[in-house]
Protein chains: 2
Amino acid sequence: MADQQSKKTQAAPGALDGTDLAILAALVEDGRMTNAALAARVGVAESTCAYRVRALRESGVLTSISARLDPGALGRPIHAIIKVRLGSHSRDHVRSLYDRLVELPGALTVFHVGGADDFLLHVAVASPQALRDLILEHITTHPMVRQTETQLVFEVREGRGALPG
Amino acid sequence: MADQQSKKTQAAPGALDGTDLAILAALVEDGRMTNAALAARVGVAESTCAYRVRALRESGVLTSISARLDPGALGRPIHAIIKVRLGSHSRDHVRSLYDRLVELPGALTVFHVGGADDFLLHVAVASPQALRDLILEHITTHPMVRQTETQLVFEVREGRGALPG
DNA sequence: TTTGAAATAAATGCTAG
DNA sequence: CTAGCATTTATTTCAAA
């Protein structure tokens, strides 16, 4: 009688059980699924399901639910990865450059990395000319940037993600 | 009287007007915003708003609405970019490796690129050991892979995205 | 934590402009 | 393409277990 939680896979506080993982998987697939549909899919009452979703949001596991857009349909059919290497690495300057890269038009993701490069910038642009302009006007001219190297992206695919299973 | 569409910024068929862009921006910010809230925010009737959203979905601009999860909260606090270089580039073999990379546990995004590398793999893993195991067991041992180079990711930031403005 | 049922709120379908 | 209204659905709340 003491083990009323045999469905759960973890005992640690704040741990996610199978229901939580099922909810997350469903919302990754369709973030606008109704609470009723979600509840039916994971096998709990609607009120329980709403409670779980709120808890997942508040705990930070579920950070947001947002729209995914097709950059090509928005006039940016060309993707590139721009590797950025810095000449100096003072903390404040690195942060300031980071802030600027994130705000560039067409910037999709910016990775701050260790190793051969400092930043990897994934951008979507309207044309090769726009890519050249972006690099020449906003990146290589920046005083901290020592070198850039641009790779054309043929295709981007989402992986299976961080969920276990 | 003929110009009843003066609010629109483009005339081309399938082009997006300001209302469409406002809807997209709102749904990127909060993909679960109710249709009523969305309509109020962009300044159209609810029925019109629902119609627009459906049209944006059907035209492929709005590809999906989905949950974003925190890999760290799911037990994968360490991020890396793994650059993969191939020894041979036969079409079918490249595709088959691509398929496998996407399915690796913790794979977030896989970029197929031209230039110095062939693939850039963004992964989230539980530990440095898990990263080593992933690379040694699933990547470097693959017959097509000539070389890999791994960079630790300090931080990832979303850019402003593909929306104009 | 979970649940069902009532009250509130929202989405959809229909009509028409 | 847009809007208003009625119908159908969904979400929230809450007492209870």
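The shown structure was predicted, so the numbers you read here are calculated from the model rather than taken from an experiment. Naming convention: chains lettered A, B, ... in sequence-line order (proteins, then strands); numbering from 1 in each chain.
Atom NE2 in A:H138 sits 11.5 Å away from atom CG in A:L121 (nearest 0.5 Å). Between atom CG of residue B:D118 and atom CD of residue B:Q147 there is a gap of 10.5 Å, rounded to the nearest 0.5 Å. Distance check: B:D70 CG to A:L62 CG gives 10.5 Å after rounding to the nearest 0.5 Å.
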Practice prompt. Evaluate side-chain contact (heavy atoms from CB on, under 4.5 Å) for B:R52 paired with B:T19, printing each intermediate quantity in order.
Written response: CA-CA 9 Å; B:R52 292 285 194 126; B:T19 300; 3.8 Å; yes
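Within residues 24-37 of chain A, the residues that have a heavy atom under 4.0 Å from DNA chain D are, in order of number, A:T34, A:N35, A:A36.
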Show the distances under 3.5 angstrom between N or O atoms of the protein and N or O atoms of nucleotides 3-5 of chain D.
residue	atom	partner	partner atom	Å
D:dA3	OP2	B:A45	N	3.0
D:dA3	OP2	B:T48	OG1	3.2
D:dA3	N7	B:S47	OG	2.9

Can you check nucleotides 6-8 of chain C for protein contacts, nitrogen or oxygen pairs under 3.5 Å, and list what you find?
none

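Between B:F111 and A:H122, the two ring planes are perpendicular [angle over 60°; tilted spans 30° to 60°].
Counting only distance, with no hydrogens or angles, the side chain of A:T140 and the backbone of A:I135 share a donor-acceptor pair below 3.5 Å. Between the side chain of A:R160 and the backbone N or O of B:E103, at least one donor-acceptor pair lies under 3.5 Å. Not one N or O on the side chain of B:D117 forms a donor-acceptor pair closer than 3.5 Å with the backbone of B:K83. When atom types are taken as modelled, the side chain of A:T63 and the backbone of A:G60 share no donor-acceptor pair closer than 3.5 angstrom.
Applying the side-chain hydrogen bond (donor to acceptor under 3.5 Å, both in side chains) test to B:E158 and every residue at least two apart in sequence or in another chain returns nothing. Residues passing the side-chain hydrogen bond (donor to acceptor under 3.5 Å, both in side chains) test with B:H112: none are found, sequence neighbours excluded.
If you measure from atom CZ of B:R52 to atom C1' of D:dC1, you get 7 Å, rounded to the nearest angstrom. Atoms CG (B:L16) and P (D:dC1) sit 12 Å apart, rounded to a whole Å. Summarising the geometry, the separation between CD1 on A:I23 and P on C:dT2 is reported as 9 Å, rounded to the nearest angstrom. In this structure, the CZ atom of A:R41 is 16 Å from the P atom of D:dA10, given to the nearest Å. Atom CD in B:E46 sits roughly 15 Å away from atom P in D:dT2 (whole-Å rounding). Distance, A:I65 CD1 to D:dT11 P: 11 Å, rounded to whole Å.
Under 3.5 Å, the side chains of A:H93 and A:S96 contain no donor-acceptor pair of N or O atoms. Using modelled atom types, one finds a donor on one side chain and an acceptor on the other under 3.5 Å when comparing A:S66 with B:R68.
Overall, the helix from C:dT1-D:dA17 to C:dG17-D:dC1 carries an axis bend of 30° between its ends, with five pairs at each end and the value rounded to 10°.
Neither OP1 nor OP2 of C:dT12 sits under 4.0 Å from any side-chain N or O of B:R54.
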